Amino acid sequence: MSFTSVDGLTSIEQWSASGSYMRWQNQQIFVRSAGAGEALLLIHGFPTASWDWQQVAAGLQHRFRIICFDMIGFGLSDKPRNFQYSIAAQADLAEAVLAHFGITRARVLAHDYGDTVAQELLARQLEGQIEGHQEGQQEGQQAGHARWQLQQLFLLNGGLFPESHRPVLLQTLLASPLGGLLAALTRYPRFAANMQRICAHSLSAAELNGMWQLLTRQDGLRVMAKLIAYMAERKRWRERWVGALIQADIPVRLIAGMADPISGAHMVARYRELIPAPDVVELAGVGHYPQLQASAAVVAAITEACA
C-alpha cells in the first residue's frame with residue numbers, strides 16, 4: 001500500500017486504513033500486518049502507539065512480516081476506564097495478536113513500556129509456560145494462547161531496570177494520587193514540551209500532532225494514570241523481569257539512544273553491569289525515540305543481527 005505523507009510520515013487515517021481490528025476481552029484492538037518472511041512483532045511504548053513504528057516498519061518489511069498493534073488503552077485501540085491495566089494483561093494481548101495472525105515463531109522489537117511487556121514474554125518462555133503460567137503468579141493474567149516461540153529480542157530505550165529509570169516530572173505526578181486529575185487537565189503544549197525534552201533532536205510538528213491525536217482519541221487522557229501503574233509494577237516484579245534478561249537463552253540486542261534523559265547512557269551502563277555478554281548498539285546524540293529519531297540506524301542494527 002502506498003501513502004502520501006506529511007514530513008515523511010503516514011497520516012493517522014492512512015495508518016488506520018492499512019490495518020484492521022480484532023476483538024479481545026470485549027474490546028476492539030488495532031492490528032496491522034505487512035511484508036513477508038519471518039515474523040517481527042513490534043511493541044510500542046507509553047504514551048504513544050504503533051504509529052511510532054511506521055518508518056522502521058517500512059524499512060524492515062522487505063525482510064520480515066511486520067506485526068504491529070496498539071495495546072489496550074493506547075492509540076487506535078479501545079481505552080476502557082474500568083479495565084485492569086497491567087503488564088501481564090498487555091503480554092496476554094501480544095500473545096493474542098500473534099494467535100490472531102497464526103504466528104508460531106516471532107522476533108520481538110520493543111520500546112519503553114513495550115520493553116517491560118517483552119520482558120514478561122521472555123520470562124514466560126524461560127519458564128516453559130508460554131501457554132499460560134502458574135495461577136496467581138501475576139494479577140490480571142489471562143488464559144494462555146496458542147504456543148509460540150520467541151526467537152530473538154530487540155530492545156529500544158526503556159526502563160529495563162527500575163533503579164536506573166529516571167521518569168520526567170509529569171510521569172511522577174501521573175503516578176501520584178492526583179494522577180487522574182492531572183491527566184484530565186493535560187493540554188497539548190505541556191505534552192509537546194515533555195516529548196521534546198526527552199528527545200535529543202526536536203520532533204516535528206507532524207510527529208507531535210499525530211502522537212497527541214492518538215493519545216486523546218476515545219478520551220484517552222482518562223486512562224493515563226491507570227496505565228502508568230507500570231512504573232510501580234516494574235519495582236514489584238523486578239526479580240522476574242530483570243532476571244529474564246539475565247537468564248535469556250535467545251539473542252537479545254539493546255539499541256539505545258544515548259542522549260535519552262530517562263533511559264539513556266545511565267541505563268546502558270547498568271545493562272552492561274548486569275547482562276552477561278551484552279550486545280549493545282549505542283546511538284550517539286539520539287534521545288528516547290530511536291525509531292523516530294534514527295530509524296535507519298535501528299533498521300540497520302536489526303538487519304545486521306538477523307543476517
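All figures in this text were calculated on a predicted structure; none of them were measured in a lab.
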Kindly compute the distance separating [atom1] ([X]) from [atom2] ([Y]), expressed to the nearest 0.5 Å.
{"X": "L208", "Y": "S202", "atom1": "CG", "atom2": "OG", "answer": "9.0 Å"}
{"X": "M195", "Y": "R197", "atom1": "CE", "atom2": "CZ", "answer": "11.5 Å"}
{"X": "L150", "Y": "L121", "atom1": "CG", "atom2": "CG", "answer": "7.0 Å"}
{"X": "I72", "Y": "Q84", "atom1": "CD1", "atom2": "CD", "answer": "11.0 Å"}
{"X": "L156", "Y": "H111", "atom1": "CG", "atom2": "NE2", "answer": "6.0 Å"}
{"X": "I43", "Y": "I67", "atom1": "CD1", "atom2": "CD1", "answer": "12.0 Å"}

Within the side chain of [X], is there an N or O that forms a donor-acceptor pair under 3.5 Å with the backbone of [Y]?
{"X": "T216", "Y": "D219", "value": "no"}
{"X": "W51", "Y": "T10", "value": "yes"}
{"X": "K226", "Y": "R222", "value": "no"}
{"X": "Q151", "Y": "A106", "value": "yes"}
{"X": "D260", "Y": "I262", "value": "yes"}
{"X": "Q119", "Y": "W241", "value": "yes"}
{"X": "R63", "Y": "C306", "value": "yes"}
{"X": "Q125", "Y": "L122", "value": "no"}
{"X": "S77", "Y": "G73", "value": "no"}
{"X": "E207", "Y": "S204", "value": "yes"}

Are R32 and W15 in a cation-pi setup, meaning NZ or CZ lies under 6.0 angstrom from the ring centre and within 45 degrees of the ring axis?
->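 Yes - R32 lies over the ring of W15, closer than 6.0 Å to its centre and within 45° of its axis.
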Does any non-hydrogen side-chain atom of [Y] lie less than 4.5 Å from one of [X]?
{"X": "D70", "Y": "Q28", "answer": "no"}
{"X": "M267", "Y": "L254", "answer": "yes"}
{"X": "R240", "Y": "E120", "answer": "yes"}
{"X": "R166", "Y": "S263", "answer": "no"}
{"X": "F154", "Y": "V252", "answer": "no"}
{"X": "Q293", "Y": "L283", "answer": "no"}
{"X": "N157", "Y": "P290", "answer": "yes"}
{"X": "I12", "Y": "L76", "answer": "yes"}

Audit row: I29, Y21, side-chain contact (heavy atoms from CB on, under 4.5 Å) steps and yes/no | CA-CA 5 Å; I29 302 298; Y21 289 84; 5.9 Å; no
Is [X] salt-bridged to [Y], going by a charged N under 4.0 Å from an acidic O?
{"X": "R147", "Y": "E95", "result": "no"}
{"X": "D115", "Y": "R234", "result": "no"}
{"X": "R238", "Y": "E233", "result": "no"}

With a 4.5 Å cut-off on side-chain heavy-atom distances among I, L, V, M, F, W and Y, is there a chain of contacts connecting [X] to [Y]?
{"X": "F64", "Y": "I250", "result": "no"}
{"X": "L174", "Y": "L221", "result": "yes"}
{"X": "L40", "Y": "I103", "result": "no"}
{"X": "V286", "Y": "L109", "result": "yes"}
{"X": "V280", "Y": "V298", "result": "no"}

Residue pair R124, D92: steps toward the salt bridge (charged side-chain N to carboxylate O under 4.0 Å, His left out) verdict | CA-CA 11 Å; R124 295 181 186 187; D92 290 339; 3.0 Å; yes
Centre-to-centre under 6.0 Å for [X] and [Y], is that the case here?
{"X": "F46", "Y": "Y230", "answer": "yes"}
{"X": "H100", "Y": "F69", "answer": "no"}
{"X": "Y113", "Y": "F74", "answer": "yes"}

Quick one: do the T48 and Y289 side chains pair a donor with an acceptor below 3.5 Å?
->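 There is such a pair between these side chains.
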Do S16 and E13 have a side chain donor and acceptor closer than 3.5 Å?
->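 No, because no side-chain N or O of S16 sits under 3.5 Å from a partner of the opposite role on E13.
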Given R65, Q152, R107, the one that forms side chain to side chain donor-acceptor pair (under 3.5 Å) with E38 =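 Checked R65, Q152, R107 against E38; only one passes side chain to side chain donor-acceptor pair (under 3.5 Å): R107.
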For R253 and L155, run side-chain contact (heavy atoms from CB on, under 4.5 Å): C-alpha distance rounded to whole Å, both residues' side-chain angles, the deciding distance at 0.1 Å, then the answer.
-> CA-CA 6 Å; R253 169 167 282 190; L155 300 168; over 6 Å; no
Identify the heavy atoms of [X] and [Y] that sit nearest to each other, and give their distance.
{"X": "D52", "Y": "Q291", "answer": "O-CG, 3.5 Å"}
{"X": "A259", "Y": "A200", "answer": "CB-CB, 3.7 Å"}
{"X": "V108", "Y": "A118", "answer": "CG1-CB, 4.2 Å"}
{"X": "A225", "Y": "G179", "answer": "CB-C, 3.7 Å"}
{"X": "A57", "Y": "L42", "answer": "CB-CD1, 4.4 Å"}
{"X": "S295", "Y": "V56", "answer": "CB-CG2, 4.1 Å"}

side-chain contact (heavy atoms from CB on, under 4.5 Å) between L274 and F161, intermediate numbers included = CA-CA 10 Å; L274 294 180; F161 316 106; 3.8 Å; yes
Test R270 against E163 for salt bridge (charged side-chain N to carboxylate O under 4.0 Å, His left out), laying out the working first.
-> CA-CA 9 Å; R270 185 61 171 157; E163 65 270 23; 2.9 Å; yes
For Y188, which residues count as a side-chain hydrogen bond (donor to acceptor under 3.5 Å, both in side chains) partner, sequence neighbours excluded?
->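 Checked Y188 against side-chain hydrogen bond (donor to acceptor under 3.5 Å, both in side chains); matches are N209.
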Could you walk me through whether H288 and D112 pass side chain to side chain donor-acceptor pair (under 3.5 Å), step by step?
-> CA-CA 8 Å; H288 190 67; D112 187 76; 2.8 Å; yes
Could you walk me through whether Q90 and T116 pass the side-chain contact (heavy atoms from CB on, under 4.5 Å) check?
-> CA-CA 10 Å; Q90 302 287 12; T116 312; over 6 Å; no
